[in-house]
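Chain identifiers are assigned alphabetically (A, B, ...) following the order of the sequence lines, protein sequences preceding nucleic acid strands; residue numbering begins at 1 within each chain. Note that the structure is predicted; figures quoted are calculated from it, not measured. All values below come from the heavy atoms of this structure, side chains included, with hydrogens, waters and symmetry mates left out.
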Amino acid sequence: MTPATATTAPSAARTNGHASLKRSRRWALYTSYFFLILFAIFFLAPPYYMIVTALKSDPEMARMETNPWFIADGATLDQFRILLANTDFLIFFKNTAIVTVLVVAITMVISVLAAFALGRMRFWGSSILATGIFLTYLVPDTLLFIPMFQIVKALGLLNSYWGMVLVYPTLTVPFCTWIMIGYFQSIPKELDEAALIDGAGHIQMLTRIFIPVALPGIIAAMIFAFTVSWAAFVYPMAFLYSSDQQVLTVGTVTSLIRGDVYKWGMLMAGALLAAAPPLVIYAFLMDYYIAGLTAGATKG
Amino acid sequence: MAEVNLRQVVKKYGEVEAVRSIDLDIPNNEFVVLVGPSGCGKSTTLRMIAGLEEITSGDIAIGGEIVNDLPPKDRDIAMVFQNYALYPHMTSFENMAFGLKLRKFSKAEIRARVEQAARILDITELLDRRPKALSGGQRQRVAMGRAIVRNPKVFLFDEPLSNLDAKLRVQMRTEIKRVHQKVKTTTVYVTHDQVEAMTLADRVVVMNQGRIEQIGTPQDLYHHPSTRFVAGFIGSPAMNFIPCRLEPNGADMRARISDTIALPVPADKAARYRPAAGREMVLGLRPEHLTEPRHNGQNGGCDFSVALDVVEPMGMETMVFFTVNGTEVCARVEPSSAVAAGAMMPLRANMDHMHLIDPSNGVVL
């Protein structure tokens with residue numbers, strides 16, 4: 001074998017290997033793009049349909065010959081105007097905002113304290129309690145609302161959004177506590193020992209060390225509580241019936257669907273406006289949300 | 001600054017006894033290193049002094065005051081952890097100032113103390129950085145700074161150098177020694193690394209299976225180990241333990257380690273070893289006392305030849321390994337006199353430094 005052949009053979013093999021690597025990477029990319037675009041279309045079609053419908057006039061929607069996916073007569077903000085001026089939408093929005101802010105606050109106070117105790121303080125039965133709290137999360141609200149009705153009624157909070165402030169935390173606290181337990185447990189124990197030696201008590205340790213360090217987890221839990229509280233449907237459906245106390249989810253549906261008459265334009269406009277606050281919050285805090293969830297998840 | 005006293009301190013986890021009744025007196029300003037293999041109870045002992053573990057029985061006193069039931073914050077101690085345990089959301093300054101803030105020091109006092117500690121540790125330019133932006137060595141300096149600013153009675157170090165790479169470890173070791181020479185606070189330092197223990201300590205406490213094996217200065221432990229465990233744990237490479245039979249040879253004695261090799265016991269030791277005559281014993285000899293003939297002690301030397309199994313050149317010295325009666329033995333020779341593996345090499349045992357160990361209880365006679 002000559003030196004020339006000895007050097008060319010491996011280099012040819014290397015080029016071939018390189019080319020096939022490139023080709024397989026290209027195919028992987030094409031496949032990924034194909035499915036990602038498919039998913040994007042699938043998930044973006046409903047919001048697109050909502051926007052298009054919300055921007056149409058009632059006469060256009062009534063005309064059967066127009067294509068529902070496009071605006072034929074030009075976009076109009078009439079649906080939004082009527083919704084805000086002639087319906088109780090703003091009252092629903094205000095009620096929802098009050099309920100959600102209070103529920104998030106209550107949830108965070110309870111679940112941060114509970115998670116700190118269950119995740120960091122070693123005491124008899126703490127792990128069983130932690131599991132128990134998570135199990136309560138597995139009971140769906142469609143089962144809970146009947147006994148809950150009795151409780152809310154006994155407290156005189158039926159048909160009052162204050163009742164929601166009381167019952168929503170039963171949905172949010174267990175999961176938020178569970179996320180926070182995972183997060184607190186992932187913080188090295190030397191950190192509280194260092195704080196103990198530095199002279200911190202348990203409350204100082206929580207407020208000055210644990211809450212700042214666990215902020216991504218806390219924000220993830222807050223987003224979860226916000227979403228659950230903003231989008232809750234079963235409880236307001238069961239416990240609220242006058243429109244001055246109603247929240248967005250149920251209020252929009254009950255006031256804009258009368259018998260078999262669906263006010264599609266306003267329904268879509270209302271849904272879009274209702275979806276805006278969670279969307280804004282997700283957009284700003286998404287990174288924290290993912291960091292918080294994964295940190296809790298990987299620490300088994 | 002204060003002395004630390006442990007009296008019959010026991011720690012049990014259920015049925016398991018992690019620390020078995022230890023007594024230890026650490027005078028003011030002393031640097032004491034607790035050393036031993038993992039699971040020997042050294043960290044538990046340190047954590048009991050810190051108040052992070054409750055003691056099962058016994059007494060711990062700091063500065064003459066029994067602290068058994070005092071929480072860590074009231075013991076006036078500062079601790080440096082293996083993983084630094086810096087608060088990740090605070091800057092170096094805030095980390096160091098945290099303990100002082102909780103103790104309600106004035107802002108001016110806090111600033112003065114932190115800056116002074118930063119000067120001692122040469123971290124002034126790192127004060128406004130968060131731990132994430134610091135290297136391992138810098139983090140450990142900040143962690144030490146956090147301990148220094150408090151000006152506590154006792155410093156506790158829990159394997160502070162284990163997370164650093166080898167080069168940095170040596171550097172930080174010197175740094176810790178330098179800091180102790182400056183601030184002179186009583187220090188209890190835990191490590192599993194005997195080199196760290198030897199280089200840092202005024203006195204070393206060797207622990208094994210929850211008990212104190214021996215307490216002494218580094219030189220003391222090295223030259224006069226009281227048990228086989230200490231003899232084997234202190235020194236690197238470890239001491240050779242060669243089974244031998246002690247034979248009377250007229251007025252003298254010999255340690256026979258194989259059919260062909262019998263090493264003469266020096267006259268000053270023979271009297272002490274006489275009760276063990278005729279018994280199977282273990283000869284302890286450090287690798288540096290097994291060298292090539294031209295280099296070794298004139299008295300008590302004994303030459304013999306062995307076939308080398310492995311030769312490890314280290315640069316300034318060469319370690320050679322050979323087998324005597326099935327026991328692997330290591331000798332330390334000059335690089336120039338080492339031969340290749342498989343070849344015969346003449347060696348001399350410096351028996352002035354021999355130790356004789358009773359295999360039944362591991363005690364050095």
Side-chain angles (χ1 to χ4, degrees), chain A residues 108 112 115-117 119-128 179-180 182-222 285 287-292 294-296 298-299, chain B residues 13 43 46-54 67 70-91 94-105 110 130-132 139 142-147 149-150 152-160 162-163:
Chain A
M108 291 330 292
V112 166
F116 181 64
R120 298 305 292 203
M121 296 175 173
R122 287 169 296 173
F123 59 90
W124 187 85
S126 58
S127 61
I128 296 170
I179 293 183
M180 297 303 305
Y183 213 89
F184 281 150
Q185 280 178 343
S186 71
I187 296 172
K189 75 168 173 25
E190 283 84 357
L191 223 55
D192 27 336
E193 292 178 347
L196 272 181
I197 289 175
D198 267 340
H202 277 113
I203 294 295
Q204 282 166 319
M205 210 193 290
L206 175 68
T207 54
R208 316 227 358 209
I209 309 289
F210 275 80
I211 290 179
V213 171
L215 204 60
I218 290 174
I219 288 176
M222 278 172 82
L285 300 176
D287 289 345
Y288 276 116
Y289 189 57
I290 291 169
T294 47
T298 50
K299 187 77 194 171
Chain B
Y13 296 103
S43 276
L46 188 82
R47 291 169 60 80
M48 286 192 292
I49 298 174
L52 297 172
E53 299 280 350
E54 283 178 19
V67 295
L70 279 188
K73 68 184 168 89
D74 298 330
R75 296 190 180 197
D76 202 4
I77 43 136
M79 188 156 167
V80 178
F81 295 87
Q82 181 178 349
N83 65 358
Y84 325 123
L86 294 176
Y87 311 123
H89 58 296
M90 297 184 191
T91 62
E94 290 163 341
N95 262 288
M96 289 160 74
F98 185 66
L100 299 177
K101 268 190 200 162
L102 291 179
R103 286 177 164 77
K104 306 266 189 287
F105 278 70
I110 292 175
R130 294 236 169 110
K132 211 164 81 177
R139 283 179 203 180
V142 175
M144 277 166 62
R146 183 168 64 181
V149 290
R150 294 247 319 278
K153 284 182 188 160
V154 183
F155 281 147
L156 304 173
F157 288 87
D158 191 3
E159 308 215 17
S162 302
N163 280 9

Segment of [X] engaging chain A (4.5 angstrom heavy-atom cut-off):
X        : answer
B:Leu156 : neither
B:Arg47  : side chain
B:Phe81  : side chain
B:Ala147 : neither

State the [atom1]-[atom2] distance between [X] and [Y], to the nearest 0.5 angstrom.
X        : Y        : atom1 : atom2 : result
B:Phe98  : A:Arg208 : CZ    : CZ    : 5.0 Å
A:Ile197 : B:Asp74  : CD1   : CG    : 12.0 Å
A:Leu196 : B:Met79  : CG    : CE    : 11.0 Å

- Message: Can you tell me if A:Met222 has over 12 outside heavy atoms packed within less than 6.0 Å of its CE?
- Response: no
- Residue A:Glu193 versus chain B: region with a heavy atom under 4.5 Å: both
I need the residue from [options] with the largest number of non-hydrogen atom pairs under 4.5 Å to chain A.
options                             : value
B:Asp158, B:Leu102, B:Val80         : B:Leu102
B:Asp76, B:Asn83, B:Leu86, B:Leu100 : B:Asn83
B:Ala85, B:Gly51, B:Ala143          : B:Ala85

- Closest contact, heavy atoms only, B:Lys73 versus A:Gly199: CB-CA, 3.3 Å
- Query: How close do A:Val213 and B:His89 get, heavy atom to heavy atom, and via which atoms?
  - Reply: CG2-ND1, 3.3 Å
- Message: Apply salt bridge (Lys or Arg N to Asp or Glu O under 4.0 Å) to residues A:Asp198 and B:Lys101 and explain how you reach the verdict.
- Response: CA-CA 9 Å; A:Asp198 267 340; B:Lys101 268 190 200 162; over 6 Å; no
